[in-house]
Asker: 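Here you go, one structure.
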Amino acid sequence: MTRAFAVFPTAIGACGLAWTDRGICGAQLPERDATATRTRLMRRFPDATESEPRAVAATIAAIRDLFAGVPDVDLSTLPLDLEDVSPFDCRVYEIARRIPRGQTMTYGEIAAAIGEPGLARAVGQALGRNPVPPIVPCHRVIAAHGAIGGFSAHGGAASKHRLLEIEGVRIAYTPRLFT
């Protein structure tokens, strides 16, 4: 199986995609700059070759539009190659992919939707391992009672808050300050 990757600019910074002939196998939200995004992708996919993204040009355009605030962008039908992802995580991602732009679900709601009530924490862990954000829009999954919850991408919860704001979701967020 041949893997390729590309790094591309968006309104929120340089993102990256990795793909095979079966679909997208990895996505990288922006790191501090394009070099850091590229380095992260190369670490995640050491067998991938940086390539011209002809095969994923439509996906890149859709991600750019999403981050530019273009309404009605739908990434839910893009082909994915999640061969190395556990069945539980795939079930979580299937539900998360159904969350429309501008809406959210809680970790507990996803747990219930997959028939595993009480596994909200496991859902959060699965989303923390999400190999293809924003195609699996883990930023749309929030904690109970409207709290923003965690986010494993660069920038943490502040990045999650920014992505939700781009989609028109208003959630109170107070950054934690450490002294």
Asker: Which value, rounded to the nearest 0.5 Å, describes the distance between Arg44 atom CZ and Arg3 atom CZ?
Answerer: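 Answer rounded to 0.5 Å: 9.5 Å.
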
Asker: For Pro53, does its backbone N or O pair with a side-chain atom of Ser51 as donor and acceptor, under 3.5 Å?
Answerer: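 No: the side chain of Ser51 does not pair with the backbone of Pro53.
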
Asker: Closest approach of Ala62 and Leu75, non-hydrogen atoms and distance?
Answerer: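 Closest pair (atom of Ala62, atom of Leu75, distance): CB-CD2, 3.5 Å.
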
Asker: Is there a side-chain contact between Glu167 and Leu163, using heavy atoms and a 4.5 Å cut-off?
Answerer: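 Heavy-atom side-chain distance check fails, nothing below 4.5 Å.
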
Asker: Output, in order, the C-alpha distance, side-chain angles, deciding distance and verdict of side chain to side chain donor-acceptor pair (under 3.5 Å) for Arg140 and Gln103.
Answerer: CA-CA 7 Å; Arg140 295 178 186 155; Gln103 295 183 29; over 6 Å; no

Asker: First locate atom CD1 of Ile166, then atom CZ of Arg101, and finally report the distance between them rounded to the nearest 0.5 Å.
Answerer: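 CZ of Arg101 is found 8.5 Å from CD1 of Ile166.
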
Asker: Please round to the nearest 0.5 Å and tell me the distance separating atom CD1 of Ile24 and atom CG of Asp81.
Answerer: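 Those atoms lie 9.5 Å apart.
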
Asker: Side chain to side chain contact (heavy atoms under 4.5 Å, CB included), that's the test. Do Tyr107 and Leu119 meet it? Break it down for me.
Answerer: CA-CA 8 Å; Tyr107 299 105; Leu119 291 185; over 6 Å; no

Asker: For the CG atom on Asp47, are there more than 12 heavy atoms of other groups (residues, nucleotides or ligands in this structure) within a distance under 6.0 Å?
Answerer: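 Buried by this count: over 12 neighbours within 6.0 Å.
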
Asker: Side-chain contact, heavy-atom cut-off 4.5 Å: Met105 with Ile95?
Answerer: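 Yes, at least one pair of side-chain atoms sits under 4.5 Å.
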
Asker: Just by modelled atom types, is the Ser76 backbone N or O under 3.5 Å from a matching donor or acceptor in the Arg97 side chain?
Answerer: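 A pair under 3.5 Å: yes.
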
Asker: Using atom types as modelled, flag every donor-acceptor pair under 3.5 Å from a side chain in residues 126-137 to any protein atom, sequence neighbours excluded.
Answerer:
| residue | atom | partner | partner atom | Å |
| --- | --- | --- | --- | --- |
| Arg129 | NE | Asp89 | OD2 | 3.0 |
| Arg129 | NH2 | Asp89 | OD1 | 2.9 |
| Arg129 | NH2 | Asp89 | OD2 | 3.3 |
| Asn130 | OD1 | Val132 | N | 2.9 |
| Asn130 | ND2 | Val136 | O | 2.8 |

Asker: How about Arg22: does its CZ atom have over 12 heavy atoms from other parts shown lying under 6.0 Å from it?
Answerer: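 Enclosed: over 12 neighbouring heavy atoms sit under 6.0 Å from CZ of Arg22.
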
Asker: When rounded to the nearest 0.5 angstrom, what distance separates CD1 in Ile114 from SG in Cys90?
Answerer: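 That separation rounds to 11.0 Å.
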
Asker: Just wondering, are more than 12 heavy atoms of other shown residues or ligands nearer than 6.0 Å to CE in Met42?
Answerer: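 Not more than 12 within 6.0 Å, no.
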
Asker: Does Arg38 pair with Glu31 as a salt bridge, N-O distance under 4.0 Å?
Answerer: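 No.
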
Asker: List for me each residue that meets side chain to side chain donor-acceptor pair (under 3.5 Å) alongside Arg162, sequence neighbours excluded, and say none if there are none.
Answerer: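 Arg162: no side chain to side chain donor-acceptor pair (under 3.5 Å) contacts found.
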
Asker: Does the Thr37 side chain pair with the main chain of Gly16, one donor and one acceptor, at a distance under 3.5 Å?
Answerer: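 Answer holds: no.
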
Asker: Could you tell me the separation between the CG atom of Asp65 and the CD1 atom of Ile60, rounded to the nearest 0.5 Å?
Answerer: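 Reported to 0.5 Å precision, the distance equals 12.0 Å.
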
Asker: Looking at CG of Leu17 and SG of Cys25, how far apart are the two atoms once the value is rounded to the nearest 0.5 Å?
Answerer: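 That separation rounds to 9.0 Å.
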
